[in-house]
Structures are given as structure tokens and as C-alpha cells.
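Reading through the C-alpha cells given below for one structure.
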Amino acid sequence: MVTVEELFAIDALLSPEEREIRDTVARFGEKRLRPHIAEWFEAGTFPAREIAPELGKLGLLGMHLEGYGCAGASATAYGLACQELEAVDSGVRSMVSVQGSLAMTAIHFFGSEEQKQQYLPAMAAGELIGCFGLTEPDYGSNPGGMRTRARRDGDDWVLNGSKMWITNGSVADIAVVWAYAEEPGDDKPRVRGFLVPAGTPGFTTREIHRKLSLRASLTAALDFDDVRLPADAVLPESRGLSSPLACLSEARFGIVFGALGAARDCLAAAVDYARTREVFDKPLAGYQLTQAKLADMALELGKGQLLALHLGRLKDRHEITSEQISAGKLNSTREAIRIARECRTILGANGITLDYPVLRHANNLESVLTYEGTAEVHQLVLGKALTDANAFR
Ligand code: FAD
């Protein structure tokens with residue numbers, strides 16, 4: 001028997017250090033997270049406060065960033081870590097993506113030296129949790145329409161508006177919030193990032209319940225009612241919508257690898273099940289229809305892993321484009337959800353329970369397909385690149 005990694009000789013493409021990082025994260029996932037994940041998913045919770053310091057200890061928070069207590073790992077190593085975390089659950093990988101690729105990256109890219117010193121080391125250690133508020137109730141795929149506003153009052157800023165679907169929102173110590181900043185002298189407001197500590201008067205969070213996807217992840221709505229912030233709450237280098245979009249590109253890259261981890265876990269469960277489950281007096285794995293399903297899924301998974309690695313190498317050489325990340329995100333999420341659903345068919349009725357990971361992964365992947373740019377938005381990105389015609393509006 002071979003795994004998909006063996007079939008495609010993936011290890012031959014990784015350095016010893018990359019394999020070591022991947023295997024360390026995989027061991028942590030299996031030992032520390034997997035035994036509890038079904039329980040967290042069922043309860044609709046995630047012990048972020050308890051797990052974050054452990055992720056920090058492993059160097060997984062802001063892993064690809066340099067300095068300020070961050071690991072400074074390669075993009076490929078970061079991708080492999082995401083793959084192993086998401087093999088346990090997309091919720092765990094989401095926590096790491098939001099902390100490292102969104103909140104910490106925003107501060108690293110656009111913050112002042114004081115802001116970096118104040119927040120990044122504690123966030124890298126998992127002592128402080130961050131969130132990233134871009135989406136609003138009425139503006140998801142089109143964040144440029146956001147209504148949240150920051151106006152000047154003397155030296156202070158006054159923030160009003162609301163954000164929706166914010167991962168880690170209810171537990172975060174520090175929220176990176178994107179708003180149109182109205183500044184004297186500017187002819188029109190432009191999007192800027194603001195650091196809003198939890199507990200600031202006027203800032204409230206509301207956890208979103210009744211989710212059928214990413215249940216082992218905390219998702220919240222954030223409200224800002226005349227929230228008064230000091231002058232230095234703004235990320236000084238953030239200038240326009242391209243700033244949050246640059247952070248999203250970083251997180252999207254992790255998903256290119258991450259979603260395939262979920263798919264791999266489903267395929268492993270399906271192979272395992274098919275080899276022992278007997279139907280019509282012989283194991284399901286011995287039927288041609290089952291093998292056709294498994295072969296097709298292995299092909300898509302292997303091709304996805306090769307594409308992810310290729311993108312990782314491009315990113316490590318600082319040559320990757322946002323269209324290439326879109327291609328990877330679209331491919332990985334779309335194929336991963338197809339694989340998860342197909343694996344579910346192999347498990348029959350057992351596949352619908354939390355005793356097996358497949359439907360949990362499939363449900364999680366509904367969110368992964370939607371956040372960080374929906375599948376349709378990435379099709380539009382690629383369509384524009386291929387034709388030069390903008391079909392967004
Ligand atoms: P919409 O933008 O309303 O899209 C609805 C449908 O319309 C989609 O199918 C979309 O593809 C399609 N569509 C949109 N534009 C076009 C077009 N031009 N042409 C054709 N079809 C189009 N956001 C954050 O800021 N921070 C977070 O931490 C965060 N975490 C999240 C966690 C979860 C679990 C989820 C589900 C979402 C999270 N999000 C977060 C929000 C996420 O980024 C948005 O849901 C996403 O951008 C899509 O926006 P929307 O849900 O408003 O859908």
C-alpha cells in the first residue's frame with residue numbers, strides 16, 4: 001500500500017528541515033488536538049486561550065515572519081505546517097492563519113516600530129490573541145464598500161461600524177480593524193488599519209452560534225459605537241484597500257496547503273474503511289467502483305500537493321503573483337471539498353457521524369471555500385488575468 005505522498009514522491013521535493021517541521025506539527029496534531037477535535041466540534045467551541053501558547057511554543061504563530069519573536073520559516077515550511085494542522089481540523093488552521101497571516105502580518109507589514117515591539121512577540125508566543133476585522137454584514141466579497149468609519153476628534157480617532165464573521169473575534173485581546181479613515185486634508189477617505197484592544201469602551205463582540213461549519217473555531221460579530229482610540233492606534237503604513245488585501249494573500253497561501261491536509265485525512269479514512277468494511281461478502285476496497293473513486297481522489301490530491309509545493313517555491317523566491325495564489329486557493333479548496341464528499345460516500349452511514357472525520361472536514365471546507373475570497377471571486381481573478389476583461393461588476 002502507498003500513500004498519496006509516496007505515489008507522487010512528495011518527500012523527495014522537501015528538504016530535511018521541511019520534513020522535520022511537517023512531522024513535528026503532525027505529531028502535535030495527532031497527540032494534542034485529534035483526541036479532542038470531535039468533542040470541540042460537537043460543542044461548537046475551541047479552547048483558543050489554552051492552545052495558543054502551545055502553538056506559539058512550536059513557533060507556528062507568525063511562523064513566516066522575521067524578527068519580533070517570530071520563527072522566520074520559509075513559506076513552504078509554513079504551508080506544510082498549515083497542511084498538518086488542517087489535517088486535524090480547518091478550525092485549528094484558521095486560528096493559526098488569522099493570528100499569524102492576518103493580524104500579525106498586518107502589524108508586521110504596516111505597523112510602527114512601537115506597535116511591532118508591543119504586540120508581535122506576545123502574539124508569536126500565543127500570550128496575546130489577535131483577530132482581523134474586514135468583512136461586514138453587507139460587504140464580504142466587496143470589502144471596498146465597507147461602512148466602518150474612523151474620524152478624527154482632536155488627536156484621537158473615533159471608530160463607528162461593525163464587522164461580521166470574525167475568527168477569534170470573541171477571544172481576541174487585540175483586533176485589527178479596517179475602516180475608512182476621514183482625515184483633514186484628504187479629498188476622500190481611505191482604508192486604514194486600526195488596533196483596537198479588547199475592553200475599549202464602545203467595542204463589543206458577539207459570538208456567532210448555530211454554525212454547521214468550522215464549529216471548532218470561534219467566530220464573532222464586532223461592533224464599534226463611538227470607540228475612542230489614541231492617535232497611535234492607526235497602522236501608520238496602511239494606505240488603502242491594498243493593505244488588508246496584502247494580508248489576505250498571505251493567509252490564502254496557507255490555505256493552498258491547508259485544505260489539502262483536510263482532503264488527505266478524508267482519503268486516509270476512506271481507504272482504511274474500505275479495506276475493512278465488507279459488502280456483498282468482500283471488502284469494499286476490492287470493488288472497481290471504489291477503486292475508481294480512490295484513484296481519482298489520489299490524483300487530484302497529488303496534483304494539488306505538487307501545485308502547492310510549486311507555489312511555495314515561487315513564494316520563497318519572492319516571485320509569486322496574487323493570481324497564482326488565487327489559482328492555488330481555488331484548486332485546493334474546490335478539490336478538497338469534492339474529495340471530502342466523495343470519501344463520505346465510501347463510509348456510507350458511518351460517514352455522517354463524528355466518529356469519522358470526513359463530514360466534519362467536508363462541512364469545514366464549506367467555510368474554507370468561502371473565506372479568503374470565494375471560489376467564484378478567484379475564478380473572476382483568473383478570468384480577468386486570462387482575458388484582461390474585468391467581470392467583477
Ligand atoms: P458575498 O460576498 O455576499 O457572496 C455571496 C455569493 O456571491 C458568493 O457565492 C460569491 O462568490 C458570489 N459573488 C460575489 N461577488 C460576485 C461577483 N462579482 N460575481 C459573481 N458572484 C459573486 N472575514 C474577516 O474579515 N475576518 C475573518 O476572520 C473571517 N473569518 C471567517 C470565518 C468563517 C467561518 C466564515 C464563514 C467567514 C469568515 N470571514 C472573515 C468572512 C469571509 O471572508 C466572507 O464570508 C467572504 O469574503 C464572502 O463574503 P460574504 O459571505 O459576504 O458573501
Side-chain angles (χ1 to χ4, degrees), residues 40-41 44-46 48 86 89-106 129-148 161-172 174-179 191 193-194 196 205-224 238 241 243-252 254-255 258-259 262 326 329-330 333-334 337 360-384 389-393:
W40 294 335
F41 186 96
T45 189
F46 181 69
E86 197 150 355
D89 195 89
S90 303
V92 184
R93 199 268 309 138
S94 297
M95 198 268 156
V96 169
S97 293
V98 168
Q99 176 85 351
S101 288
L102 294 179
M104 291 175 71
T105 293
I129 295 179
C131 69
F132 184 91
L134 179 64
T135 304
E136 299 192 352
D138 294 328
Y139 297 94
S141 301
N142 176 20
M146 71 174 73
R147 294 205 184 101
T148 302
S162 56
K163 298 288 172 182
M164 189 68 183
W165 303 113
I166 307 306
T167 303
N168 298 347
S170 54
V171 74
I174 184 76
V176 175
V177 180
W178 300 93
V191 172
F194 293 85
V196 187
T205 68
R206 198 163 21 92
E207 206 167 315
I208 298 173
H209 295 292
R210 308 187 79 199
K211 289 181 299 172
L212 298 174
S213 174
L214 276 200
R215 289 183 56 76
S217 172
L218 305 172
T219 317
L222 316 182
D223 288 303
F224 307 94
S238 64
L241 194 59
S243 300
L245 297 188
C247 304
L248 291 179
S249 227
E250 293 295 309
R252 234 167 245 155
I255 294 174
S326 281
K329 201 267 179 180
L330 175 61
T333 52
R334 199 165 57 181
I337 201 167
R360 174 170 55 77
H361 280 309
N363 277 8
N364 283 340
L365 288 164
E366 294 288 349
S367 291
V368 183
L369 195 68
T370 292
Y371 65 28
E372 299 290 343
T374 65
E376 293 80 2
V377 162
H378 292 300
Q379 286 176 313
L380 293 173
V381 168
L382 295 181
K384 181 164 177 271
N390 183 346
F392 276 90
R393 45 178 88 239

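This chain uses plain numbering: 1 for the first residue, then up along the sequence. Just follow the structure's listing: the first ligand is 1, and inside any ligand the first atom is 1.
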Query raised in the report: Which is it for Ile208 and Met164 under the side chain to side chain contact (heavy atoms under 4.5 Å, CB included) test, yes or no, and what are the steps along the way?
Result: CA-CA 9 Å; Ile208 298 173; Met164 189 68 183; 3.7 Å; yes
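- Ring centers of Phe132 and Trp178: under 6.0 Å apart, within the cut-off.
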Requested in this report: Could you please spell out the steps behind the side chain to side chain donor-acceptor pair (under 3.5 Å) verdict for Ser94 and Tyr371?
Outcome: CA-CA 10 Å; Ser94 297; Tyr371 65 28; 2.6 Å; yes
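- Within 4.0 Å of ligand 1, the residues that place a heavy atom are Phe132, Leu134, Thr135, Gly140, Ser141, Trp165, Ile166, Thr167, Leu214, Ser367, Thr370, Tyr371, Glu372, Thr374, Glu376, Leu380, Phe392, listed by chain and number.
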Query raised in the report: Given Arg215 and Trp40, is the side chain to side chain contact (heavy atoms under 4.5 Å, CB included) satisfied, shown in steps?
Result: CA-CA 7 Å; Arg215 289 183 56 76; Trp40 294 335; over 6 Å; no
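- For Gly100 against Thr105, the heavy-atom pair with the smallest separation is O-OG1, 2.8 Å.
- Scanning both residues, Thr205 and Gly169, for their nearest heavy atoms gives CG2-O, 3.6 Å.
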